[in-house]
Amino acid sequence: MAHTDQTTRRDLRREIAGTIGLLTDEHDFRTMRRYRSFTFDDHAAYLHQVEALLKTRAAQGTHTTIALFDPEEYAEFCTAAGLDPDAPASRSRFTAELAANGPTVPYEGQPLADLLSVLVDEAVRQATWEYASHLLAHLGSCATCGEDLGRAAFTRASRLLLRVLETAPPGNRHLVCSVSGSPETLVSVLHADDELDGTPFIDEAEALEFTSVLALGLATHSPGGLVMRISTPDGPDRIHGWRLRGYGLEPLTAGEVFDAYCTDVESGDLIAPESNVDYCAPPDLGDDHRSPGHHH
């Protein structure tokens, strides 16, 4: 009976998904060392042990996700929940909260360094989306017609993004939208890789963040732009660009795209153009300025 109980418990452990709250950088690691119950003393050794644990769990057939553990958010969480921050159980509860509401990345055997890079990107993407969404939600309603300005801008941005993708030449598309503002410039990236049938595959979370940033730029008439790079296996990369202008996208000429890519932003000095790259005027979006969206 004891052997049967042990076997059952082992089988049950395989059914339990786990999340590890990871301290990705040295500064956060040092911050957590103020807690006596946090017994790790070397960040590199800590990461090495995490990777070994991930490999062991994977070999046992156990699924594990990684979440970004932020010491400041952890302290705030403990204060709000009335928990002792110097307790492993409190860290476990915070990690469970991250698993439910924060960005996570599944471990699938990749090197830990690659996993960390993806995790940080996910965290930045979620923070950007939350910030842009917050600003859109607080734009209020149009004083003239009562329309919700944030919702109208999001509808407009969605339509513009769809037209950009529909009119783009075939290939794997890498889009970057930047919107200048206070206190900082927002930047969002979207990948749209061609499937076998030629339709683009788009990550929904990426698309939501990208559309929100573009919508914020349109709604606030902020300086900004959208750049699309198209890669194909049998030809040069093509780069197209638009500037945010009014409530739409204004195409850049081939010369303007070249200047944007071949000029150092800080010094203004010329930079040698990339090899095997064509700087091109974008396709005609065929976008009527009176199309769906807010126009007051």
Side-chain angles (χ1 to χ4, degrees), residues 103 117-133 135-136 153-154 156-194 200-232 236-266 271-283 285 287:
S117 177
V118 174
L119 180 60
V120 171
D121 288 346
E122 286 289 327
V124 170
R125 183 171 70 186
Q126 179 163 319
T128 300
W129 169 72
E130 290 176 349
Y131 180 69
S133 298
L135 294 181
L136 285 171
F154 190 89
R156 172 69 169 160
S158 299
R159 186 176 187 279
L160 284 171
L161 176 58
L162 180 62
R163 291 300 298 150
V164 167
L165 294 174
E166 286 178 340
T167 58
N172 293 334
R173 305 162 185 87
H174 178 86
L175 292 83
V176 179
C177 180
S178 60
V179 174
S180 299
S182 178
E184 59 183 320
T185 296
L186 292 181
V187 178
S188 181
V189 176
L190 176 65
H191 300 87
D193 294 342
D194 274 351
F201 170 79
I202 301 174
D203 181 271
E204 290 185 5
E206 276 192 8
L208 182 60
E209 180 218 357
F210 191 93
T211 306
S212 298
V213 171
L214 177 57
L216 183 62
L218 296 174
T220 58
H221 299 275
S222 299
L226 191 158
V227 174
M228 176 173 60
R229 184 173 189 140
I230 304 171
S231 302
T232 58
D237 285 3
R238 296 167 57 91
I239 298 179
H240 307 281
W242 297 262
R243 65 171 58 89
L244 271 64
R245 180 61 59 87
Y247 207 57
L249 295 174
E250 180 180 278
L252 299 178
T253 66
E256 288 174 324
V257 176
F258 179 90
D259 289 342
Y261 263 80
C262 301
T263 303
D264 185 276
V265 176
E266 295 183 358
I271 304 172
E274 294 183 59
S275 61
N276 203 36
V277 170
D278 289 341
Y279 303 92
C280 314
L285 298 182
D287 188 60

Mind checking whether [X] and [Y] have side chains closer than 4.5 Å, heavy atoms only?
{"X": "Tyr261", "Y": "Val277", "answer": "no"}
{"X": "Pro103", "Y": "Arg125", "answer": "no"}
{"X": "Leu161", "Y": "Leu190", "answer": "yes"}
{"X": "Asp259", "Y": "Leu252", "answer": "no"}
{"X": "Trp242", "Y": "Val164", "answer": "yes"}
{"X": "Glu274", "Y": "Pro236", "answer": "no"}
{"X": "His174", "Y": "Ser231", "answer": "no"}

Run the side chain to side chain contact (heavy atoms under 4.5 Å, CB included) test on Asp121 and Val189 for me, step by step, so that the C-alpha distance in whole Å, both residues' side-chain angles and the decisive distance to 0.1 Å come before the verdict. CA-CA 10 Å; Asp121 288 346; Val189 176; over 6 Å; no

Search all heavy atoms of [X] against all heavy atoms of [Y] and return the closest pair with its distance.
{"X": "Val187", "Y": "Ser178", "value": "CG2-CB, 4.1 Å"}
{"X": "Pro251", "Y": "Glu256", "value": "O-OE1, 4.3 Å"}
{"X": "Arg163", "Y": "Thr167", "value": "O-OG1, 2.8 Å"}
{"X": "Ile230", "Y": "Pro170", "value": "CG2-O, 3.4 Å"}
{"X": "His240", "Y": "Pro282", "value": "ND1-CA, 3.4 Å"}

What is the distance from atom [atom1] of [X] to atom [atom2] of [Y], rounded to the nearest 0.5 Å?
{"X": "Ile239", "Y": "Arg229", "atom1": "CD1", "atom2": "CZ", "result": "4.0 Å"}
{"X": "Leu165", "Y": "Leu285", "atom1": "CG", "atom2": "CG", "result": "10.0 Å"}
{"X": "Asp203", "Y": "His191", "atom1": "CG", "atom2": "NE2", "result": "10.0 Å"}
{"X": "Asn172", "Y": "Thr232", "atom1": "CG", "atom2": "OG1", "result": "9.0 Å"}
{"X": "Leu249", "Y": "Leu244", "atom1": "CG", "atom2": "CG", "result": "5.5 Å"}

Can you label the angle between the His221 ring and the Tyr247 ring as parallel, tilted or perpendicular, going by 30° and 60°? tilted

Quiz: residues 207-218 side-chain donor-acceptor pairs under 3.5 angstrom, not counting sequence neighbours:
| residue | atom | partner | partner atom | Å |
| --- | --- | --- | --- | --- |
| Glu209 | OE1 | Ser188 | OG | 3.3 |
| Glu209 | OE2 | Ser188 | OG | 3.4 |
| Thr211 | OG1 | Ala207 | O | 2.7 |
| Ser212 | OG | Leu208 | O | 2.8 |

Under a 3.5 Å cutoff, is there a donor and acceptor pairing between the side chains of Glu130 and Gln126?
yes

